[in-house]
Amino acid sequence: MIFMPECSVFIGTEPVGTLRWQEDGPYISIQAGCPFEEGSIYRLTVRGESGPDLYLGVMTPQNGRFTITKRLRSKDCGPLLNSYLCGAYIERSGIDGTPLTPLPFAFSALSTAANAALPGDQLFAEEAGACPGLMWAMLSGRRYFVFEFIPGQEMPMTPFFSLMTVFEHLGRLYAAFCADADGVLRSI
C-alpha cells in the first residue's frame, strides 16, 4: 500500500519521524515511525490547524524503531483530512510513567563538551570553557547543550539565560538550550 500524504512526527520542536496516511473507502490507514529510545514509552497525537486533536495511542518497538499502524473511520480523522498543516507529536515518558526530559533523545546520549564550541562565537566559547560539566549531543544538525543547574549557586552560561529550559532528571536540575546547524542559539 502506498501512503500519501504525510506530516512530520515531533518531539517538542524537533522532527524525528514521519506519519503517512491514505484514504481507504470509509477508513484511513495510518503509519508512523521514529527512532527507538530504550526505557521510554511514546504516545502519539496528531494536531491540525482545525478540529480536535487525534490521539493515536502508544507506539511499539519494531526493528529498532518506534512504530504505530492504525485503521480508523474517516469521520474520526478530522485533523488529517481537514488540514494541510498538521503534525504528529510525541509525549515521552519512562516505563514507569514518569515524564522524561525535554531533550529529543535519551539523557545518556550526552557527552562532555570538550569539542562543543560554536564556530565563530567567542562569547559562547568563553562561557562554555567556564562551565564545568557542560554536556552536549547532536541530532539532525542541531547541537544540544546541557549543564547542571544548582539553585543558590552562581549560574554558568548566563548570557544565554533567556534560551534555557530547566528540567529535573534523577533528582537533579539541569538547564538546556540548542544551536541550529548555522550556529543560531535557541530554546529547545
Side-chain angles (χ1 to χ4, degrees), residues 3-21 31-49 56 59 61-68 83-94 99-149 156-167 169 173-188:
F3 284 84
M4 286 292 290
E6 65 182 44
C7 66
S8 293
V9 173
F10 296 93
I11 294 178
T13 59
E14 182 73 30
V16 295
T18 304
L19 179 137
R20 295 178 177 93
W21 66 93
Q31 286 186 341
C34 66
F36 174 73
E37 181 181 351
E38 184 74 35
S40 299
I41 295 174
Y42 281 17
R43 291 173 177 82
L44 191 63
T45 300
V46 180
R47 295 188 185 117
E49 62 183 355
L56 294 179
M59 300 177 82
Q62 183 177 356
N63 299 325
R65 296 180 55 78
F66 274 128
T67 64
I68 192 165
S83 177
Y84 288 104
L85 300 174
C86 73
Y89 295 86
I90 293 171
E91 178 189 326
R92 300 164 62 230
S93 63
L100 296 177
T101 72
L103 302 170
F105 47 79
F107 192 87
S108 61
L110 293 163
S111 61
T112 57
N115 57 348
L118 294 173
D121 191 329
Q122 185 62 34
L123 177 61
F124 183 86
E126 290 171 11
E127 291 291 322
C131 182
L134 180 65
M135 300 174 284
W136 81 291
M138 186 174 281
L139 177 67
S140 301
R142 187 176 279 182
R143 290 182 179 111
Y144 290 83
F145 303 99
V146 178
F147 61 92
E148 188 172 359
F149 172 70
M157 308 296 281
T158 53
F160 313 107
F161 179 77
S162 65
L163 302 174
M164 293 180 193
T165 299
V166 177
F167 63 94
H169 179 66
L173 290 177
Y174 292 89
F177 58 97
C178 66
D180 286 342
D182 58 4
V184 175
L185 295 168
R186 19 186 114 254
S187 299
I188 58 170

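The shortest distance between side-chain heavy atoms of Leu110 and Leu103 falls below 4.5 Å. A heavy-atom distance below 4.5 Å is not found between the side chains of Cys86 and Arg47. Put simply, the side chain of Phe160 reaches to within 4.5 Å of the side chain of Leu123, judged on heavy atoms. Looking at heavy atoms from C-beta onward, Met135 lies in side-chain contact with Phe107 at the 4.5 angstrom threshold. Using a 4.5 Å cut-off on side-chain heavy atoms (C-beta onward), Cys7 and Trp21 make contact. The shortest side-chain heavy-atom distance between Pro104 and Phe10 does not fall under the 4.5 Å cut-off. At a threshold of 4.5 Å between non-hydrogen side-chain atoms, the residues Val9 and Leu44 count as touching. Residues Leu19 and Leu56 have side chains in contact (heavy-atom distance under 4.5 Å, counting atoms from C-beta outward).
Contact between Tyr174 and His169 at its shortest, heavy atoms only, is CE1-O, 3.7 Å. Of all heavy-atom pairs spanning Glu6 and Arg20, the tightest one is OE1-NE, 3.0 Å. Closest of all the heavy-atom pairs between Ser162 and Ser187 is O-OG, 4.1 Å. Taking every heavy atom of both residues into account, Met59 and Cys34 meet most closely at CE-SG, 4.0 Å. Residue Ala137 comes nearest to Ala109 through the heavy atom pair CB-O, 3.8 Å, listed as atom of the first residue, atom of the second, then distance. Nearest heavy-atom pair, Leu139 versus Glu14, reported as atom, atom and distance to 0.1 Å: O-OE2, 3.8 Å.
Listed by chain and number, the residues in a ring pair (Phe, Tyr, Trp, His ring centres under 6.0 Å) with Phe66 are Phe36, Tyr42 (sequence neighbours excluded). Residues passing the side chain to side chain contact (heavy atoms under 4.5 Å, CB included) test with Asn63, sequence neighbours excluded: none.
Distance alone, capped at 3.5 Å, is enough to place a donor-acceptor pair between the Asp182 side chain and the Val184 backbone.
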- Item | Pair Met157-Phe124, side-chain contact (heavy atoms from CB on, under 4.5 Å): steps then yes or no | CA-CA 8 Å; Met157 308 296 281; Phe124 183 86; 3.5 Å; yes
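Ring orientation note: the planes of Phe145 and Phe177 are tilted relative to one another, at an angle of 30° to 60°.
Inspection of the Thr67 and Gln62 side chains reveals an N or O donor paired with an N or O acceptor under 3.5 Å.
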